Each structure stands twice: as structure tokens, then as C-alpha cells.
There are 2 protein chains.
Amino acid sequence: MAIVERGTGTTARPTIGMVAERAGVSRQTISNAVNAPHRLRPETLAAVRLAIDELGYRPNQAARSLRTQATNVIGCRLLPSNYGGTGGVLDRLLHALCDTARSNGYNLLTFSAKDDDDEIEVYEDLLRRHAVDGLVLTNTHHVDARPDWLNAHDARFVVFGRPWGRRGAQHNWIDVDGAKGTAEAVGYLAGLGHTRIGFLGLPQGIGVGDDRLAGWERQTERLGLPTKGLLARAEDGIASGRALAGQLLAAARPPTALVCVSDAMALGAMRAIEDRGWRSGREVSVVGFDDSPVASVMRPGLSSLRQPIEAVANQLVETLLTVIGGGSPRPVRALVVPRLIVRESTGECHVRRPGAAPAAQRGQSSTSNPETGRSTK
Amino acid sequence: MAIVERGTGTTARPTIGMVAERAGVSRQTISNAVNAPHRLRPETLAAVRLAIDELGYRPNQAARSLRTQATNVIGCRLLPSNYGGTGGVLDRLLHALCDTARSNGYNLLTFSAKDDDDEIEVYEDLLRRHAVDGLVLTNTHHVDARPDWLNAHDARFVVFGRPWGRRGAQHNWIDVDGAKGTAEAVGYLAGLGHTRIGFLGLPQGIGVGDDRLAGWERQTERLGLPTKGLLARAEDGIASGRALAGQLLAAARPPTALVCVSDAMALGAMRAIEDRGWRSGREVSVVGFDDSPVASVMRPGLSSLRQPIEAVANQLVETLLTVIGGGSPRPVRALVVPRLIVRESTGECHVRRPGAAPAAQRGQSSTSNPETGRSTK
DNA sequence: AACGTTCATGTGAACGTTCAAACCACACTC
DNA sequence: GAGTGTGGTTTGAACGTTCACATGAACGTT
């Protein structure tokens with residue numbers, strides 16, 4: 001069996017015609033055996049299957065694509081591993097997409113691009129050449145030209161990420177509910193006794209940042225927790241997080257916990273905490289976002305909100321294949337919720353406070369607590 | 001221009017025939033304009049190019065593949081991001097492969113696999129279906145069935161990684177010279193005054209581990225440095241590195257520097273150093289391998305050996321395309337050298353020693369140094 | 001003027017598959 | 001017994017390219 005024939009130079013791989021001849025039926029019957037087995041009489045099917053196995057036949061993808069106009073390939077841009085501080089989320093997505101695609105009989109074509117315009121150029125090339133059936137977009141942002149371009153060019157695609165700043169976007173998308181995530185983090189920290197919970201966010205106008213901030217705002221309000229002087233925003237990054245956290249912690253009434261828009265910010269916050277001779281998870285708790293590989297490697301380990309990327313990938317592929325298959329019945333706009341992974345960077349609040357009510361504690365600095373101060377140094 | 005036509009439902013993309021008609025020439029002339037422009041008279045070429053642009057024509061990949069038997073796609077297995085503690089090296093490779101492939105007119109098809117056998121199954125599928133022209137293998141190890149299988153099935157491929165344990169392997173490979181890297185690290189540390197330089201390695205029999213160990217052995221011997229009691233080996237991992245380093249550092253005459261087979265090991269070593277109340281880069285220096293993202297994020301930053309992955313990817317693709325194009329004139333077995341990225345985890349040796357000779361300093365524990373001890377806590 | 005050479009372009013076939021329609025045998029209906 | 005399905009199989013064509021070869025014009029040589 002199989003097609004070894006090494007040494008001859010030419011490895012003639014079997015075609016449908018050769019299988020047909022061997023099985024004593026027509027080409028079309030072989031095709032049916034592969035694509036629509038129910039059409040064949042059981043005995044015929046068995047005979048054909050035997051011939052297929054004996055010759056090791058698989059349909060030539062190019063020929064099939066040419067005829068059916070389907071390539072069984074979906075494309076996805078490969079982004080730099082820690083692009084925009086996403087902490088490996090997109091890499092995880094890629095792996096998950098691969099798995100899901102393959103189990104649906106599709107392959108994943110990856111490509112890189114310098115920027116969005118370059119990405120569109122690649123799309124144009126791939127689509128014109130019929131090299132892919134559909135595309136997965138990631139890393140959406142405000143004024144994103146890509147979905148419109150794809151719509152205008154009648155391409156099949158799904159998007160990981162909301163159409164930030166555009167209410168009535170006409171494409172299918174799936175995203176992680178960042179607000180729900182940060183809200184959960186706030187709730188968890190409140191459960192540990194924290195009342196002054198700060199937030200390190202991104203500059204206004206960045207979709208992801210605004211979303212995650214909204215969860216903190218919503219939940220602090222719901223729980224009646226203070227927010228004044230507890231919010232700081234800047235570009236993403238470790239240095240940035242360190243600076244912001246440094247400011248907040250230096251205030252008269254510093255936060256005892258910080259929810260951060262990213263793991264990078266959170267790492268910076270942990271450094272700021274160390275800068276003051278404190279320790280994350282004791283004097284000040286920290287929660288990051290994305291559960292990047294570093295989070296578990298840090299010491300103390302960084303509690304972080306993990307995006308359910310595998311679930312996202314499943315939904316993306318499922319939706320995309322529906323669209324490719326002939327149009328989705330109803331538009332997909334789905335939000336999946338992240339999960340808080342608790343590590344050592346979060347702990348009980350040790351700051352004694354008079355009552356549960358967050359009001360009227362002016363002048364009572366948190367540093368008056370015996371647990372705080374220079375206890376660790 | 002272009003092919004918008006939205007709303008009609010059918011977006012009839014132009015074929016070579018339509019372009020031919022518009023330009024008033026035959027199909028073959030269009031084909032020549034695309035594939036062998038030198039054959040055309042300048043005026044004809046210009047006219048054809050105009051028609052191509054006006055219609056936005058690109059050759060249908062499936063049709064072209066069917067005719068030419070070439071898909072212009074190369075395949076590569078997607079490995080878990082930090083597979084086997086490779087610290088993101090394979091992700092970097094993937095990105096680089098993408099870039100290089102694209103600039104050569106090829107696309108990259110990625111797939112995942114549970115294990116080597118599963119990977120071979122994917123190969124079989126891809127090859128039988130003519131879905132790829134060639135493959136890039138990564139993560140080679142002892143008793144690796146994949147190259148043999150591919151050879152036996154007449155596939156075109158290149159390998160990133162040496163054929164460990166097999167002298168006369170018949171395939172093209174490119175690898176990073178781990179030994180040269182660790183040798184450089186030892187040399188650098190010796191230049192900083194270190195004489196007792198330890199090595200944290202992997203269990204014997206793992207190709208990468210043995211290779212990197214060899215560099216340490218070679219260089220210490222060349223420089224006349226001691227090795228006794230300075231080598232420890234175990235499975236890769238942070239916990240592992242911490243334990244090994246802990247042992248070495250607890251000895252009567254501990255090392256003042258540690259070269260590690262991986263960044264994970266190095267991170268563990270840094271923890272062991274902290275465990276003793278010391279600080280990496282002061283009492284004990286540490287060098288990792290792979291320059292994973294964590295290395296630059298750690299505090300202190302981890303000095304590490306960076307693999308020149310982009311150069312590797314270039315060579316891999318170049319070699320593979322030669323093989324695909326019709327056989328390489330001479331076999332490629334190339335080693336490229338890593339580069340030491342210096343960060344804060346390496347510093348001058350502060351241990352006073354009687355002379356340059358590493359002998360006879362028994363009883364003189366490194367903690368007798370003013371810089372050491374409980375200075376940091 | 002007849003001939004070979006070169007260059008530019010055209011013609012028919014082929015790559016391997018699946019689609020649409022045709023065919024055939026058989027069963028069921030009236 | 002003619003008409004109507006129906007499941008199983010075959011037939012010819014088509015998908016959009018490029019290959020191998022044919023054609024024809026232009027040019028220089030003998």
C-alpha cells in the first residue's frame with residue numbers, strides 16, 4: 001500500500017481516475033464515496049474504500065478548489081507575539097484557531113503585515129487569487145478600515161474584537177467582555193475587604209481600555225466604593241504602570257488594591273509596590289489582565305483575568321464557516337466572559353477601617369495601620 | 001477599477017480570458033505578462049498591464065496550482081507557545097518564516113498536532129492532497145521519526161535543529177550553535193572576574209542540553225577554570241532551576257556565576273539567589289538561554305543568549321525553495337551563533353580571591369565578602 | 001529569391017476534480 | 001401495461017491556468 005516508489009524520481013500520486021479503474025467504477029463514484037458516501041450502495045462503497053486505501057488516494061486540493069471554488073483555507077494575520085501588550089493572547093488565539101479549523105477540515109494560512117494598510121493589501125492578494133475562503137480579523141481599534149474594506153469586497157470574515165466606536169457595524173464579531181472581567185476583579189477584591197480599589201487604565205479613546213475601565217466604574221458604584229483619586233491612565237507598559245501606581249500609592253489615602261488594564265501595567269504596579277518596600281498581595285493587591293505567561297512566572301504570582309480564547313476560537317470558526325457556507329441566518333455579536341485566575345498578588349485587606357461605609361473617613365490615612373509601613377524591610 | 005459590484009450577490013472575479021479579451025490578445029500572452037514579462041514586446045506588455053490593473057486581475061491560485069503542480073505554500077507545525085521551555089523561540093521563528101516566505105511569493109500554512117505521530121499524519125494528509133510544496137520541521141530530538149518518514153515519502157523539507165544522535169542524516173538542516181553561545185557566556189563572565197562558573201543543564205541525552213553543556217565544558221577548560229561541583233542537571237523548569245541552583249549555592253565553595261541551559265532554569269536560579277538573600281548580578285551572576293520575553297521583563301533583567309531566528313528563517317526558506325525548485329546542489333548543514341544580551345543579572349565578580357589560580361581557597365566562603373550577606377534585605 | 005533564425009503571439013490540450021444531467025434498473029401506482 | 005418515481009451509477013463538460021507546440025512576421029544570410 002501507499003506510494004513509496006522512491007528512487008524512480010517521479011512519485012506519481014494516485015488520481016481519482018486510477019482509483020476508479022482499480023475499483024471498476026467511474027470517477028464520479030469515487031468522488032461520491034469521498035464527498036457523499038450515502039449515495040453509494042454499501043458494497044460499492046466498501047469496494048471503493050478498499051481501492052482508496054490500497055492506493056493511498058486523497059483528492060488533489062488544487063483540482064478540487066478549482067472546481068468547487070472553495071479552498072478550505074482560512075487566513076489570519078500573525079501579529080508580533082506581545083503585540084500592543086496583549087500578553088500572548090493572540091498567540092493563544094492562533095493555536096486555538098488552528099485546532100478548531102483543522103477539526104473542521106480547514107487549514108490556517110498565516111501572514112504577517114507591517115500595518116493595517118499592508119494587511120489590506122495582503123487581503124486583496126489572497127482574495128483575488130482565491131487563496132482563502134475566509135479571514136479572521138484580530139486587534140480591532142477605532143477607525144478601523146479593514147472590516148469596511150472586506151465588506152466592500154464581498155469577503156467572508158469574522159472579527160475578534162468589537163467594532164469600537166461604531167454602533168451599527170454590519171459584520172460578525174466576538175469579543176471578550178472586559179468590563180465584566182474588571183467588575184469581577186473589583187468584586188473579588190471587595191470580598192477580601194478592600195474598599196479603596198484603584199484602576200490603572202489606558203488613555204481615553206482606546207476601546208479595550210475604556211471597556212475595562214467601565215467595569216471598574218460600574219462595580220465600584222454598585223458596591224458604593226470610592227473612585228476619587230483612584231484612577232490613573234497612561235500608555236500601556238511596565239514603566240507606565242510603575243509610574244501611575246507610584247503616584248496613586250504616594251497619595252494621602254492610597255488604594256489598597258489595583259486593578260490593571262493589562263499584565264504589563266500590573267507588572268509595573270508590582271514594581272511600584274516594591275519601590276515602597278511593600279509586597280504585592282499584602283500591603284497592596286494587584287490584578288492584571290490577559291494572564292500572560294509572565295503572570296504565573298512572576299514572584300509573587302500575578303492574579304490576572306484570563307480570556308477564554310479557546311471558546312472564542314471555536315465561535316469564530318463556527319461563525320466563519322457558516323458565513324462561508326452561504327450566509328449566516330442572524331448576525332453574531334457575542335461577548336464571552338474572562339475568568340479571574342487568583343495568585344499571590346491578591347490578598348486580604350489589612351487596613352482597619354471604622355465601618356463598612358466608605359464615607360467620612362477623611363484624615364484617616366491608610367498608613368496608620370500596623371500592617372503597613374516598613375514592615376517588610 | 002476593481003471589482004466592487006456589491007449587491008449583485010455574485011462577485012465575478014476576472015479570469016485570464018476576460019483580461020485577454022479586453023487587451024485584445026490571447027490568454028497565453030496574459031500568462032506571459034504575469035510569469036515571463038520579458039517575452040512580450042514593451043507595448044504589448046504595457047497594454048496587458050493596463051487591462052490587468054483595470055480589471056484587478058490576479059491568477060486564480062487553484063487553477064495555477066493544478067496546472068503547475070506547485071502550491072506556493074509551505075507548511076509548518078505550530079507548537080505551544082512555550083513548548084519545552086523554548087521561551088517563545090518557535091513563535092519568533094514562525095513570524096520570521098511568514099515574512100521570508102511572503103517576500104518569496106510563498107504563503108505559510110500552519111497546523112497543530114498532538115505529538116510527532118499526529119504531525120506525521122498531518123504531513124501525509126497535506127502531501128497527498130498536494131496542499132503544500134514543502135515543510136519546515138522544528139523541535140528535533142533523538143529518535144525522531146519525522147525526517148525519515150518525509151524522506152521515504154519524497155517530500156521537500158528543511159529542518160530547524162540538528163539530527164541529534166545521527167551522524168549521517170540525509171536532510172538539510174540549520175541550527176543554532178548552542179555550545180558557542182554558552183562558551184561566549186562563560187568567556188564574558190570570566191572577563192568580569194568570575195572563576196567559579198556553574199552550569200545548570202538538562203538530563204543527559206537531550207540534544208540541546210548536551211550541546212549547550214559542551215560549550216561550558218569547552219570554555220572552562222580552555223580558560224583553566226574549575227568545573228568540579230559546578231554542574232547540575234535536571235528537567236527543564238523554574239522549580240527545577242531553583243532547586244539545582246540552591247544546591248550549588250549551598251556548597252562550601254559555591255559558584256559566583258551560573259550559565260543556564262534555558263531562561264526557565266535561569267529564572268529558577270534567580271529565585272534561589274533571592275532565597276539566600278542575595279541579588280542576581282551582584283553576589284551571583286546568571287545567564288539564561290533563548291532571551292524569552294520574560295528575560296527583559298524580570299527585575300533584575302536576565303542576561304540571555306538570543307538566537308538569531310530571523311537569520312535562521314531566511315536560510316531555512318532559501319534552502320527549502322531551492323529544494324522545491326529542483327534539488328539542492330550541495331547539502332546544507334549550517335550552524336548560526338547566538339548573541340549574548342547583557343542585562344542586570346550579570347555583573348562583576350566581587351569575591352576576593354588570593355590569586356588567579358582557582359585552587360586552594362577552601363574555607364573562604366563567598367559570604368565573607370563585604371558585598372554579600374544580608375546587605376539587600 | 002529562397003532559406004534559416006529569432007522573436008512575439010496564438011492554439012489546443014491537459015492538470016484532477018466535481019457539477020449537472022442522463023441513464024438504467026427496479027418498484028410502485030392507477 | 002403504461003406512467004411515475006427513485007436510488008445508484010455513468011457521461012460529458014467545466015473550473016482557470018499553463019505547457020508544448022504551431023504560426024507568422026521580421027530580419028539577415030547565402
Side-chain angles (χ1 to χ4, degrees), chain A residues 3 10-49 51-52 55-73 105 127-131 133 326, chain B residues 3 10-49 51-52 55-73 105 127-131 133 326:
Chain A
I3 39 168
T10 48
T11 307
R13 300 197 206 272
T15 70
I16 204 171
M18 297 158 78
V19 182
E21 197 176 0
R22 181 169 196 116
V25 295
S26 71
R27 292 189 318 273
Q28 185 59 37
T29 301
I30 310 298
S31 177
N32 284 336
V34 174
N35 301 305
H38 62 274
R39 287 194 199 153
L40 269 58
R41 235 182 34 237
E43 313 110 72
T44 320
L45 183 57
V48 170
R49 290 230 164 110
I52 287 177
L55 294 176
Y57 167 78
R58 304 274 172 106
N60 179 308
Q61 185 61 48
R64 172 180 269 181
S65 295
L66 179 58
R67 184 68 252 229
T68 62
Q69 308 282 34
T71 62
N72 276 35
V73 172
L127 292 172
R128 288 246 176 94
R129 282 170 42 213
H130 279 88
D133 291 340
Chain B
I3 39 166
T10 48
T11 307
R13 299 197 208 272
T15 70
I16 204 171
M18 297 158 78
V19 182
E21 197 176 1
R22 181 169 196 116
V25 295
S26 71
R27 293 189 318 272
Q28 186 59 39
T29 301
I30 309 299
S31 177
N32 285 335
V34 174
N35 301 305
H38 62 273
R39 286 195 199 153
L40 269 57
R41 239 187 24 241
E43 309 106 86
T44 320
L45 183 58
V48 169
R49 290 232 163 109
I52 287 177
L55 295 176
Y57 168 77
R58 303 277 172 104
N60 178 309
Q61 185 60 48
R64 170 180 269 181
S65 295
L66 178 58
R67 185 67 251 232
T68 62
Q69 309 282 37
T71 61
N72 276 34
V73 171
L127 293 172
R128 289 246 176 93
R129 281 170 44 214
H130 278 88
D133 292 339

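From a predicted model like this one, the values you see are computed outputs, not experimental measurements. Just so it is clear: chains get the letters A, B, ... in the order the sequence lines come, proteins before strands, and each one is counted from 1.
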Separation of [X] atom [atom1] from [N] atom [atom2], in whole Å?
| X | N | atom1 | atom2 | value |
| --- | --- | --- | --- | --- |
| A:Arg58 | C:dG16 | CZ | C1' | 17 Å |
| B:His130 | C:dG16 | NE2 | P | 8 Å |
| B:Asn72 | D:dT18 | CG | P | 11 Å |
| B:Arg129 | C:dC15 | CZ | C1' | 18 Å |
| B:Glu21 | C:dT11 | CD | P | 13 Å |

In chain order, what residues pass the salt bridge (charged side-chain N to carboxylate O under 4.0 Å, His left out) check against [X], with sequence neighbours excluded?
| X | answer |
| --- | --- |
| B:Arg22 | B:Glu54 |
| B:Arg67 | none |
| A:Arg129 | A:Asp125 |

Under 3.5 Å, sequence neighbours excluded: what are the donor-acceptor pairs made by side chains of residues 39-47 of chain B?
residue: B:Arg39; atom: NH1; partner: B:Asn32; partner atom: OD1; Å: 3.2
residue: B:Arg41; atom: NE; partner: B:Glu43; partner atom: OE1; Å: 3.2

Inset, instruction - With rounding to the nearest 0.5 Å, note down the distance linking CG in A:Leu127 to CG in A:Asp133. - result: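 So the CG of A:Leu127 and the CG of A:Asp133 are separated by 10.0 Å.
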Inset, instruction - Show your working on side chain to side chain contact (heavy atoms under 4.5 Å, CB included) between A:Val73 and B:Gln61 and close with a plain yes or no. - result: CA-CA 12 Å; A:Val73 172; B:Gln61 185 60 48; over 6 Å; no
Legend entry - side chain to side chain contact (heavy atoms under 4.5 Å, CB included) between A:Ile52 and A:Val34, intermediate numbers included: CA-CA 9 Å; A:Ile52 287 177; A:Val34 174; 4.0 Å; yes
Between the protein and nucleotides 5-10 of chain C, are there any N/O to N/O pairs under 3.5 Å, and if so, what are the atom names and distances?
residue: C:dT9; atom: OP1; partner: B:Thr44; partner atom: OG1; Å: 2.2
residue: C:dT9; atom: OP2; partner: B:Arg41; partner atom: N; Å: 3.1
residue: C:dG10; atom: OP2; partner: B:Ser26; partner atom: N; Å: 2.6
residue: C:dG10; atom: OP2; partner: B:Ser26; partner atom: OG; Å: 2.8
residue: C:dG10; atom: OP2; partner: B:Thr29; partner atom: OG1; Å: 2.6

Legend entry - For B:Asn60, all residues meeting side chain to side chain donor-acceptor pair (under 3.5 Å), sequence neighbours excluded: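 Here no residue qualifies.
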Inset, instruction - For B:Thr68, check side chain to side chain donor-acceptor pair (under 3.5 Å) against everything at least two apart and list the hits. - result: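 B:Thr68 satisfies side chain to side chain donor-acceptor pair (under 3.5 Å) with no other residue.
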Inset, instruction - Can you run down the salt bridge (charged side-chain N to carboxylate O under 4.0 Å, His left out) pairs that involve residues 26-37 of chain B, sequence neighbours left out, and say none if there aren't any? - result: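 Those involving residues 26-37 of chain B do not exist here.
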Legend entry - side chain to side chain contact (heavy atoms under 4.5 Å, CB included) partners of A:Thr15, counting only residues at least two apart: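 Here the qualifying residues are A:Met18.
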Legend entry - Residues within residues 59-71 of chain B bordering DNA chain C, heavy-atom distance below 4.0 Å: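 Heavy-atom contacts with DNA chain C come from B:Leu66, B:Arg67, B:Gln69.
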Legend entry - DNA chain D stem ranges, 3 or more consecutive Watson-Crick or G-U pairs under 3.5 angstrom: C:1-30 with D:1-30
